[in-house]
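Numbers here simply count residues along the sequence, with the first being 1.
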Amino acid sequence: ENRAPTPLSPSGSRAIGSLKRRVDIVAIGVSTGGPNALAELLPRLPGDLPVPIVIVQHMPPLFTKLLAERLAAKSAVHVKEGVAGALLQPGCAWVAPGNFHMIVARDAASVRLQMNQEPPENSCRPAVDVLFRSVAQLYGSNTLAVVLTGMGQDGLRGCEEIREAGGQVVVQDEASSVVWGMP
């Protein structure tokens with residue numbers, strides 16, 4: 001099945017109704033216009049969200065920490081800047097730190113974040129593709145990828161891997177995107 005991604009309207013209703021299978025993780029990729037898009041999306045999620053969220057927002061160091069703090073103040077989900085070894089937990093969102101790729105990795109019965117400074121991909125570090133690949137490998141068909149506003153193609157290859165693993169992809173619609181490149 002090779003359908004186009006489902007556009008996500010600002011209300012989110014079209015996307016939610018189209019989810020076909022269980023979701024164990026939400027992976028979000030975003031760039032230009034992302035802080036405002038995340039500030040719209042994350043406060044709408046319940047604090048008891050039953051899955052973890054991992055986010056790559058193209059931003060330099062320090063700004064990702066400030067973004068996480070700003071989002072945490074507005075959201076019922078716990079939002080933090082990602083740190084190596086952090087345990088993925090439901091109702092928590094982690095923003096990849098600037099200048100680090102963030103991945104998920106199995107640790108016995110749990111899943112933890114890992115950081116690395118491997119070369120940039122798509123001229124980005126953190127890169128959405130790096131995160132999405134690791135999520136696809138670990139969570140397979142139980143992955144929900146969300147691609148929000150942004151310039152360029154970071155996330156495209158990762159979305160292809162998520163789809164090949166049976167996961168689901170939703171994208172922000174053009175009308176509400178600042179830049180409709182990534183979606």
Side-chain angles (χ1 to χ4, degrees), residues 1-10 12 14-16 18-21 23-42 52-64 67-68 71 81-82 93-105 113-183:
E1 139 188 31
N2 207 359
R3 298 187 331 270
T6 302
L8 178 62
S9 67
R14 215 164 118 204
I16 302 310
S18 68
L19 297 181
K20 303 290 186 229
R21 60 187 68 81
V23 172
D24 289 339
I25 190 166
V26 176
I28 300 173
V30 60
S31 189
T32 311
N36 289 340
L38 291 168
E40 270 297 306
L41 178 64
L42 292 182
I53 303 166
V54 287
I55 302 166
V56 165
Q57 161 70 63
H58 296 152
M59 271 186 161
L62 181 62
F63 289 92
T64 49
L67 174 65
L71 294 170
E81 184 179 48
W94 289 267
V95 177
N99 203 30
F100 284 86
H101 291 307
M102 184 170 77
I103 62 171
V104 296
L113 294 177
Q114 292 182 353
M115 306 299 154
N116 70 63
Q117 286 190 307
E118 289 177 10
E121 288 191 27
N122 308 300
S123 305
C124 301
R125 187 172 61 210
V128 176
D129 277 339
V130 173
L131 176 64
F132 280 15
R133 272 196 311 269
S134 75
V135 169
Q137 290 164 5
L138 213 61
Y139 289 91
S141 65
N142 298 323
T143 300
L144 174 60
V146 178
V147 180
L148 300 175
T149 179
M151 198 175 296
Q153 293 193 335
D154 188 27
L156 175 63
R157 301 280 173 259
C159 283
E160 289 172 347
E161 290 195 33
I162 288 168
R163 289 302 301 260
E164 286 167 14
Q168 302 169 87
V169 176
V170 294
V171 299
Q172 185 171 355
D173 68 328
E174 186 171 6
S176 66
S177 294
V178 173
V179 178
W180 206 57
M182 287 170 50

Student: Between Ile103 and Leu131, what is the shortest heavy-atom contact and its length?
Tutor: CA-CD1, 4.3 Å
Student: Report the C-alpha distance between Glu40 and Gln172 in whole Å, list the side-chain angles of each, state the deciding distance to 0.1 Å, and finish with yes or no for side-chain contact (heavy atoms from CB on, under 4.5 Å).
Tutor: CA-CA 12 Å; Glu40 270 297 306; Gln172 185 171 355; over 6 Å; no
Student: Looking only at non-hydrogen atoms, find the nearest pair between Val178 and Thr149 and report the distance.
Tutor: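 Result for this residue pair: N-OG1, 3.0 Å.
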Student: Working to the nearest 0.5 Å, report the span between NE2 of His101 and CD of Gln117.
Tutor: 9.0 Å
Student: Run through Val171, Val169, Val146 and flag the one making a side chain to side chain contact (heavy atoms under 4.5 Å, CB included) with Cys159.
Tutor: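 Looking at Val171, Val169, Val146, the match for Cys159 under the side chain to side chain contact (heavy atoms under 4.5 Å, CB included) is Val169.
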Student: Provide the closest heavy-atom pair for Ala136 versus Ala165 in the form atom of the first, atom of the second, distance.
Tutor: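 It is O-CB, 4.1 Å.
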Student: Of all heavy-atom pairs between Pro120 and Arg125, which one has the smallest distance, and what is that distance?
Tutor: CD-NH1, 4.0 Å
Student: Find the distance between CD (Glu161) and OG (Ser134) and round it off to the nearest 0.5 Å.
Tutor: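 Glu161 CD to Ser134 OG: 10.0 Å, rounded to 0.5 Å.
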Student: Between Pro126 and Gln57, what is the shortest heavy-atom contact and its length?
Tutor: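 Here Pro126 and Gln57 meet closest at CG-O, 4.1 Å.
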Student: Can you tell me if Thr64 and Glu81 form a side-chain donor-acceptor pair at under 3.5 Å?
Tutor: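 Checked: Thr64/Glu81 side chains pair up, N/O donor to acceptor below 3.5 Å.
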Student: When rounded to the nearest 0.5 angstrom, what is the spacing between CG in Asn36 and OG in Ser176?
Tutor: 12.0 Å
Student: Would you check, one step at a time, whether the test side-chain contact (heavy atoms from CB on, under 4.5 Å) holds for Leu113 with Val104?
Tutor: CA-CA 5 Å; Leu113 294 177; Val104 296; 4.2 Å; yes
Student: To the closest 0.5 Å, what do you measure between CD1 (Ile53) and CG (Leu144)?
Tutor: 10.0 Å
Student: Heavy-atom distance under 4.5 Å between the side chains of Pro52 and Trp94, does that happen here?
Tutor: yes
Student: Please report the interatomic distance OG(Ser123) to CE(Met151), rounded to the nearest 0.5 Å.
Tutor: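 Reported to 0.5 Å precision, the distance equals 12.5 Å.
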Student: So, the side chain of Asn142 versus the backbone of Asp24: is there a donor-acceptor pair under 3.5 Å, distance only?
Tutor: no
Student: With sequence neighbours left out, what residues match Asp154 under side chain to side chain donor-acceptor pair (under 3.5 Å)?
Tutor: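 So Asp154 forms a side chain to side chain donor-acceptor pair (under 3.5 Å) with His58, Asn122.
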Student: Please say which of Leu41, Val128, Val56 ends up in a side chain to side chain contact (heavy atoms under 4.5 Å, CB included) with Ile28.
Tutor: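 Among Leu41, Val128, Val56, the one meeting side chain to side chain contact (heavy atoms under 4.5 Å, CB included) with Ile28 is Leu41.
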Student: What pair of heavy atoms forms the shortest contact from Ala145 to Phe132, and how long is it?
Tutor: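 The pair with the smallest heavy-atom distance is CB-CE2, 3.9 Å.
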Student: Would Glu160 and Arg163 pass as an ion pair if we require N to O under 4.0 Å?
Tutor: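 A salt bridge is absent here (no side-chain N lies under 4.0 Å from a carboxylate O).
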Student: If you round to the nearest 0.5 Å, how far is CG of Asn116 from CE of Met102?
Tutor: 11.5 Å
Student: Among Val30, Leu67, Val95, Asn99, find the one that has a side chain to side chain contact (heavy atoms under 4.5 Å, CB included) with Met59.
Tutor: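 The passing option is Leu67.
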